[in-house]
Amino acid sequence: MQVKVLFFGKLAEAANQRFGAHQVDKDHLIECPDSCSTVAELKQFLLQKQDALSLELNKANTVFAVNHQICQEDQAIQMHDEVAFMSPLSGG
Amino acid sequence: MKKVTPSKHSFSYDLQESDFDLSNEYKQLCIGNRGSENRAESIEERRARNRNAGAIVTFTGIVREFLADGRSIHHLELSTYPDLVDSQMMSLNQQLEQFDLDQVRIIHRYGKLLPDDQIVFVGIASAHRKQAFSAAEFSMNVLKSQVAFWKKEFYSASESDFKWIEPTEDDYESLKVKMD
């Protein structure tokens with residue numbers, strides 16, 4: 001199934017290395033197995049490759065959002081959802 | 001300007017690349033308090049709107065130039081996720097219901113910022129100072145570690161001479177204390 005996947009902060013840099021900067025934008029679609037029914041399962045799918053992105057994604061402080069709402073890893077996902085993987089938030 | 005309703009107080013925020021005018025923001029809070037620039041409303045109308053602030057607290061965050069470790073900042077790059085910020089601001093507005101406020105105004109900038117540039121503005125109007133100070137501090141603690149911004153600190157013009165900034169333990173702790 002296709003989901004829109006976004007990366008932010010340090011994760012965006014690592015995602016640029018894997019997918020190419022031109023690919024990682026607001027319309028970045030990823031084809032993942034239909035068995036990916038939660039954020040955690042989508043994360044596992046992305047972790048299959050050993051690179052900087054996997055290193056960053058594996059950090060305990062990664063923040064997740066589905067359709068613009070912060071969530072936990074066990075959040076269910078569906079086709080065409082917008083899933084965001086974010087490094088720790090740091091405003092102000 | 002994005003207005004979020006409903007709430008007891010008025011709440012608006014802007015996410016913008018451009019700078020903001022501090023004196024104008026303060027003036028708008030004053031106008032919001034008395035209803036119009038020339039005080040055209042009657043006292044009954046003002047009373048009906050329940051705008052009776054005796055305190056306006058403003059906070060402005062600016063880019064520091066010198067760090068404790070001796071390095072200096074060349075510039076910052078702030079990135080954001082506007083769709084998520086929208087929902088987080090609605091949530092912040094709901095959390096601010098715990099205070100007794102009249103008006104809340106927030107501006108957060110993104111993009112490239114230089115030392116001494118303004119990054120963030122929080123303006124609170126409230127009947128009494130304690131609520132205004134507390135709400136301003138609470139809002140800043142949320143913005144520091146709970147809203148979708150990412151800060152990259154550059155130490156020279158070189159593209160590779162940077163560090164990603166993460167919230168400190170203090171930022172998380174401040175938030176915990178206020179939310180308890």
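Residue numbers start from 1 in every chain, and the chains themselves are labelled A, B, ... in the order their sequence lines are given, proteins ahead of strands. Remember, predicted model here, so these are calculated numbers, not experimental data.
- Heavy-atom distances place the side chain of B:Ile119, and not its backbone, under 4.5 Å from chain A.
- Contacts of A:Phe8 classified as ring-ring contact (aromatic ring centres under 6.0 Å, His included), with partners at least two apart in sequence or in another chain: B:Tyr81, B:Trp150.
- Not one N or O on the side chain of B:His108 forms a donor-acceptor pair closer than 3.5 Å with the backbone of A:Gly91.
- Contact annotation: the side chain of B:Glu166 never approaches that of A:Ser90 to less than 4.5 Å [non-hydrogen atoms, C-beta and beyond].
- Placement of B:Phe59 and B:Phe11 within a single hydrophobic cluster is found when ILVMFWY residues are connected by side-chain heavy-atom separations under 4.5 Å, directly or transitively.
- Under the 4.5 Å side-chain contact rule for hydrophobic residues, A:Leu57 and A:Val5 share a cluster.
- At a 4.5 Å heavy-atom cutoff, the contact between A:Asn61 and chain B is made by side-chain atoms alone.
- For B:Phe162, the part lying under 4.5 angstrom from a heavy atom of chain A is the side chain only.
- Counting only heavy atoms from C-beta outward, the side chains of B:Leu84 and A:Ile70 approach each other to under 4.5 Å.
- Ranked by heavy-atom pairs under 4.5 Å with chain A, the list B:Lys151, B:Met140, B:Gln88 is led by B:Lys151.
- Side-chain contact between B:Lys152 and A:Glu13 is present, with at least one heavy-atom pair separated by less than 4.5 Å.
- B:Ser87 OG to A:His68 NE2: the interatomic distance, rounded to the nearest 0.5 Å, is 8.0 Å.
- Side-chain heavy atoms closer than 4.5 Å link hydrophobic residues (I, L, V, M, F, W, Y) into clusters, and following such links, possibly through other members, connects B:Phe149 to B:Phe138.
- Between A:Leu89 and B:Ser145 the shortest side-chain heavy-atom distance does not fall below 4.5 Å.
- One hydrophobic cluster holds both A:Phe45 and A:Leu47 under the rule that ILVMFWY side chains link at heavy-atom gaps under 4.5 Å.
- Under the salt bridge (charged side-chain N to carboxylate O under 4.0 Å, His left out) criterion, the residue pairs touching residues 11-24 of chain B are B:Asp14-B:Arg105, B:Asp19-B:Arg109, with sequence neighbours excluded.
- Using a 4.5 Å cut-off between heavy atoms, B:Ser91 does not touch chain A at all.
- The environment of OH in B:Tyr26 is sparse: at most 12 heavy-atom neighbours from other residues, nucleotides or ligands sit within 6.0 Å.
- Of the listed residues (B:Val120, B:Val147, B:Leu78), the greatest number of heavy-atom pairs within a distance under 4.5 Å of chain A belongs to B:Val147.
- Cluster membership for B:Ile107 and B:Leu96, using ILVMFWY side-chain heavy atoms within less than 4.5 angstrom, is not shared.
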